[in-house]
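Start at 1 and go down the list; that is how both ligands and their atoms are numbered.
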Amino acid sequence: MDAQRTIRRPISCVGIGLHSGNKVHLSLKPAPADFGIRFRRTDLGDHDVPATVQHLAGIQLATGLARNEVSVETVEHLLAALVSVSIDNVLVELNSPEVPIMDGSAAPFIYLIHEAGVKPLGAPRKFLKIVRPIAISRGDKRIALYPSDHFKVTYSVSYDHPLLRHQSRTLRITEESFAEEIAPARTFTFLKDVEMLRQNGLALGGSLENAIVLGETGVLNNPLRFEDEFVRHKILDAIGDLALVGHPVIGHLVAHRAGHALHTEFAAKILEETHAWRLVEASGDALLPHSAPVTVAVPRLAN
Ligand SMILES: [Zn+2]
């Protein structure tokens, strides 16, 4: 049996919110099987917000969730780290609306999870195995999932910037490949957009410490961690957003010029396309004989 997992012990850190600039306390706490990943705002009482597409809200520069007027923002880097280390169940406590930005990557969250340790639980993990293609496109932005024996991501980006005309990467995602190749890739922004964000009260916590900033011709805070750090970060974002389907996916995700809005729209579309996947209890090739299609409630977007 491929068992569900949680963390072995509670662990905390402090950081700042990218948009608010406020100090945030983040704690990860062990949770039982089938609990899922849930956020709790300790400044607002005991209301949980499950990390699922049903609770999607406010997709702009980052991915946000909300339930019963309790909201959490910028969840995607933490979610990517959790699912890539195969943490199925955890309670994430925050004393502020935003997950701290840390260094703009998922590497600090991977470190935190490794420090906490991983604990198997007495229940099987259920994977969402893609058996037929699912795709959406919006103009020249595209995202799709194809059947594959493993979880793989192919991402390509192109921007009107000399450093970012085109970058593309394909990677089979495992705990190791994510930690080494994807988690350290930082978020990026364009200098010309920074002033506009600030005027709108956003990115107040943003700095050269937590984002790659692109000027007219180059990067303000070299060195890059990878030559193609930008497309690697897009893969990180896509993995975090795809986590909102609520199960680890077995399939090949292919995205071109997508972003949080399309990633999350796609996550909802996956759950609607019940003929295109099956819930199975084993990863890789060895599907169990009882891997029959399972019907799930079709979620609706909150807005
Ligand atoms: Zn990101």
For residues 104-119, which residue pairs pass the salt bridge (charged side-chain N to carboxylate O under 4.0 Å, His left out) check, not counting sequence neighbours?
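Every pair satisfying salt bridge (charged side-chain N to carboxylate O under 4.0 Å, His left out) with a residue in residues 104-119: there are none.
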
If hydrophobic clusters are built from ILVMFWY residues whose side chains come within less than 4.5 Å, do V245 and I136 share one?
yes

Measure from the Zn ion (ligand 1) to every N/O/S atom of [X] and report the name of the nearest one.
| X | answer |
| --- | --- |
| H233 | NE2 |
| D237 | OD1 |
| H77 | NE2 |

Crowded around Y111 OH? As in, over 12 foreign heavy atoms under 6.0 Å?
no

Residue pairs passing the side chain to side chain donor-acceptor pair (under 3.5 Å) test where at least one lies in residues 21-30, sequence neighbours excluded
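Qualifying pairs: S12-S27, K29-E93.
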
